[in-house]
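Reviewing the structure listed below.
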Amino acid sequence: MDGRELVRAARVFTMVRGPRAMRSAWRRWRAEARASLPRGAERARVPGPVVDAEPLPGGGVVRFARSELLVRVASSGTVFWSWDGAAPRPSYALAGDPPEPDARAALEPDKDGGWRVVSERVTVAVSRNGAVEVRTPGGVVLRRDLPPRWWEPVAGGPARWVQRSEVPADARFFGLGGRASGPRLREGTYRLWNTDPRGSFGPDDDPLYITMPVQLVVADAGTHLAFHDNTWDGRVTLREGGEGEGSGHDRPGLSEVRMSGGPLRCWVVVGTPARVLRGWTALTGAPALPPAWALGPQHARWGFGSEHEVRRVVAGYRERGLPLSALHLDIDHYDGHRVFTVDRKRFPDLPGLARELRAAGVRLVSIVDPAVKVEPGGPVYRGGRAAGAFVRDARGREVRGVVWPGECVYPDFTDPAVRRWWGGLYEERLAQGFSGVWHDMNEPVSFTPFGDMTLPRSARHALEGRGGDHREAHNVYGLAMAGAGYEGLRRLRPDERPFLFSRSGWAGMQRYGGTWSGDVSTGWPGLRASLSLVLGLGLCGVPYSGPDVGGFDGSPSPELFLRWFQLGAWLPLFRTHAAIDAGRREPWEFGPEVLEHARAALAGRERLRPYFVTLAHLARLTGAPYARPVWWGAPEDRALRDCEDAFLLGDALLVAPVLARGADRRAVRLPRGRWYDTVTGSAYEGPGQVLVDAPLSRIPVLARAGAVIPVRGEDGAEELEVWAPAPGRTGGGVVVRDVGDGWERAEIERYTTRLVDGAVRVERVTDEGVVAVAARVRVRGLDAG
């Protein structure tokens, strides 16, 4: 343990009543000791030389001396390959049936004794020794997976394996779930094991709550996503490429995936970033559409403590004219921290409070933890035992850990019957007046002063009837819990879209909602980590996320809080939050100057609410994240690929947050085209870098020339804000109106913009033709210098 880990261990030991945590840690160690058998001798295996091949729809099977490889290309161009009979199913990532194979793709002999699958969008070449290359139709190599290697215990058990892959020398890596450093992933090793970091974290901490074996690789040759569909513990080592020394050849980038067990199977999606994310969500499911109110400002704090304090905070927003959409109640509103209960002394009439707040436009959101207190008289524990719902060990006994209520058991969400039982429990939350939930502690966590703060790896899980242990189930525990909660809410309230976000998850978690940063540390590094997490998760298919504005622990300076607040106002989930001992996070607690600037940020968010509604619908339809790296539309621009301190909000806006203390100006890297400062109206030409003002009152935001952005006008009605196209250029945009919080299908409106005789003409494109638009249009940028 380093010094930081020792401090965290001491904190956990103190917070959960040390002796109980020690007993839990001892039980966990004994369980692991009983179940852990020496691996003994292992056999190393590689595929060996090619033997023959068998054509199948979309590709075929290539057989080697000691292994066989299945290669299949879908009609969309998505590639699936797997070794030793691993099929696309079963999978926690896939949302439905695997895509149909491309009937025109053909398996044919390749040069040097290998084979290849040729399709319209991609070519997959298999060497005679088992290397797999993914190429563009023009023959450019996007990815080369070298022959894998397995180590199989002689006495049986899971085979661990390693897969090394080469990518172009100029490639940059993104993804792997929620990583605090980045969003571009530097050289190093990243663990694939969802982890509570024992308190607040910063950019140097890894892994965190959400890890995914999802890599997005951006290079001059093209963009591709590679997903190793395997839930086991693993590590990914990345090495960036570079110019060759002496040989004259560039050194390729390298990715090495090492897994402790499970299947070796991989999906590869190629194309532009937009096409890649569309293909990825076609595989893993469309993002859940949050209700419109969840796109407004939200406030949380661990430690509201009572109805009186909740009313005080909401009144504080109202009296100061600050908008507020939702208020979140943390574990302190529970009775003894027991899930699905209420402390009646502190909250004597929670349903009445919820009705009162909702009448004022504020929803209540409840935290929900998975751990259930061990108490024979407790209804949740009693019902779970009767349903056989809890994780058990190899001897059939309940696996117990220590969480906030004390000694706890854990529902096995990998069992469909348990998911349905758990989903039914949310009826109590709805009866209390809550409009949404946030899942916490679902890595899952069991407090211990040392070792891995989760369940024993020997703990048994249903795994959809296949059976297995925690080594396979751990990383999908939070994903399966999110599925249980989301589907339960849908059954209980079928006319409303559920609002749910989860601290932990895995590939495909966007089907059930979003996530947030978790306990990001209070400080300027934590502010930067907040942006990294949102952008990285968006590239893994999770578009709705945001940080704890202000940081989870400690007390931010007024300047730091304001800069964090200003960033949060431009992110999908805009929520303040803090620990019980970290002080308040209401904007007025930081002085009158911060209050006024925070008021401006809130007003800007409310003005853009229609744009966030549009981005939410587009994310569901296309998989495109709300917040995107600045290279999103121009991945061939190497300077943009290395830009990490700004982002695009949709296609129309470029947001440049202030991430350093004392800064009142900052450099902004621009993509190609004309960009307007949305406050000063100044015009800048990209690509290139410009220096812009960033006073304490705001952060720089630039609009793309020609953009059409739905906003709320001064009278509260929606209007179109149109930024003048550059001379000789056209522009446009897409608008999706708010149709309420149900399931009604929204209409997509498409607009084009162009300059005609010095004026901006806005036209709507319909099935019947092009229609000029004049009403509720505000044109900006015509007078820019």
Side-chain angles (χ1 to χ4, degrees), residues 15-16 196 199-200 209-210 290 294 298-307 309-310 313 325-344 346-347 350-351 353-354 357 362-373 380 403-406 408 410-411 413 422-423 425-447 477-478 481-482 484-486 488-489 498-505 509 512-520 544-549 552-553 573 575-582 585:
M15 291 181 72
V16 299
D196 181 337
S200 60
Y209 313 98
I210 301 173
Q298 306 180 47
H299 188 83
R301 193 174 77 235
W302 176 14
F304 280 131
S306 68
E307 287 188 7
E309 179 66 2
V310 167
V313 170
S325 288
L327 188 137
H328 298 224
L329 297 188
D330 212 314
I331 56 174
D332 52 294
H333 88 278
Y334 282 135
D335 180 10
H337 297 153
R338 298 169 177 85
V339 69
F340 301 119
T341 66
V342 175
D343 185 333
R344 298 296 179 186
R346 296 181 176 184
F347 293 88
L350 190 52
L353 175 65
L357 295 183
V362 179
R363 267 78 168 183
L364 279 183
V365 175
S366 171
I367 192 171
V368 173
D369 288 352
V372 175
K373 183 176 177 59
V380 180
V403 200
W404 302 117
C408 292
Y410 299 80
F413 296 115
W422 182 263
L425 298 178
Y426 288 74
E427 184 174 11
E428 182 272 342
R429 294 288 87 186
L430 296 178
Q432 297 297 340
F434 289 106
S435 299
V437 296
W438 53 296
H439 288 173
D440 201 2
M441 309 295 288
N442 57 341
E443 288 70 34
V445 172
S446 175
F447 290 135
Y477 189 88
M481 180 187 178
Y486 183 86
L489 290 170
F499 176 54
L500 184 151
F501 61 104
S502 173
R503 191 171 80 171
S504 186
M509 64 181 293
Y512 311 121
T515 185
W516 89 105
S517 66
D519 301 343
V520 62
Y544 183 85
S545 67
D548 283 349
V549 167
F552 182 71
D553 63 339
L573 172 58
R575 184 183 83 142
T576 56
H577 187 229
I580 194 168
D581 56 353
R585 289 288 191 271

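Taken to the nearest 0.5 Å, the OH atom of Tyr544 stands 4.0 Å off from the CG atom of Leu573. Atom-to-atom distance recorded for Arg575:CZ and Ser517:OG is 8.0 Å, nearest 0.5 angstrom. With rounding to the nearest 0.5 angstrom, the CG atom of Leu353 is 7.5 Å from the CG atom of Leu329. To the nearest 0.5 angstrom, Phe499 atom CZ is 4.5 Å from Gln298 atom CD. The CG atom of Leu327 sits 6.5 Å away from the NE2 atom of His299 when rounded to the nearest 0.5 Å.
Side-chain atoms of Asp369 and His337 form no donor-acceptor pair, as typed in the model, at a separation below 3.5 Å.
Within the 4.5 Å cutoff, the side chain of Tyr209 has heavy atoms near those of the Asp519 side chain. A 4.5 Å side-chain heavy-atom check between Arg429 and Leu489 finds every atom pair outside the cut-off. Under the 4.5 Å side-chain criterion, counting only non-hydrogen atoms from C-beta, Val339 is not in contact with Leu425. Between Met509 and Ile210, the closest side-chain pair of non-hydrogen atoms falls below 4.5 Å. At least one side-chain heavy atom of Val310 sits under 4.5 Å from a side-chain heavy atom of Leu357. Inter-residue side-chain proximity for Arg301 and Arg585 is flagged as unmet; no heavy-atom pair is nearer than 4.5 Å. In this structure, Ile331 and Trp302 have side chains that are in contact, with non-hydrogen atoms separated by less than 4.5 Å. Proximity of Trp404 to Tyr334: side-chain heavy atoms (C-beta onward) are nowhere separated by under 4.5 Å.
Of all heavy-atom pairs between His333 and Ser366, the closest is CE1-OG, 3.7 Å. Listed here is the closest heavy atom pair of Phe552 and Asp548: CD1-OD2, 3.5 Å. Nearest heavy-atom pair, Val365 versus Ala326, reported as atom, atom and distance to 0.1 Å: CG2-CB, 4.2 Å. Across all non-hydrogen atoms, the minimal contact from Glu307 to Leu350 is OE2-N, 3.5 Å. Residue Pro411 comes nearest to Pro370 through the heavy atom pair CD-O, 3.1 Å, listed as atom of the first residue, atom of the second, then distance. Phe501 approaches Thr515 most closely through the heavy-atom pair CB-N, 3.8 Å.
Ring centroid separation for the pair Trp422 and Phe340 comes in under the 6.0 Å cut-off.
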Please list, one pair per line, the donor and acceptor atoms closer than 3.5 Å that link side chains of residues 436-444 to other protein atoms, with sequence neighbours excluded.
from, atom 1, to, atom 2, distance (Å)
His439, NE2, Tyr426, OH, 2.8
Asp440, OD1, Arg503, NE, 3.2
Asp440, OD1, Arg503, NH1, 3.2
Asn442, OD1, Ser504, N, 3.2
Asn442, ND2, Ser502, OG, 2.8
Glu443, OE1, Arg503, NH2, 2.8
Glu443, OE2, Arg503, NE, 2.9

ask   = Between Arg346 and Asp335, is a side-chain contact (heavy atoms from CB on, under 4.5 Å) present by the stated rule, with each step listed?
value = CA-CA 9 Å; Arg346 296 181 176 184; Asp335 180 10; over 6 Å; no
Inset, instruction - Start with the C-alpha gap between His577 and His328, add the side-chain angles, then the distance that decides, and say whether side-chain contact (heavy atoms from CB on, under 4.5 Å) holds. - result: CA-CA 9 Å; His577 187 229; His328 298 224; over 6 Å; no
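At distances below 3.5 Å, not a single donor-acceptor pair connects side-chain atoms of Tyr486 with backbone N or O atoms of Gly423.
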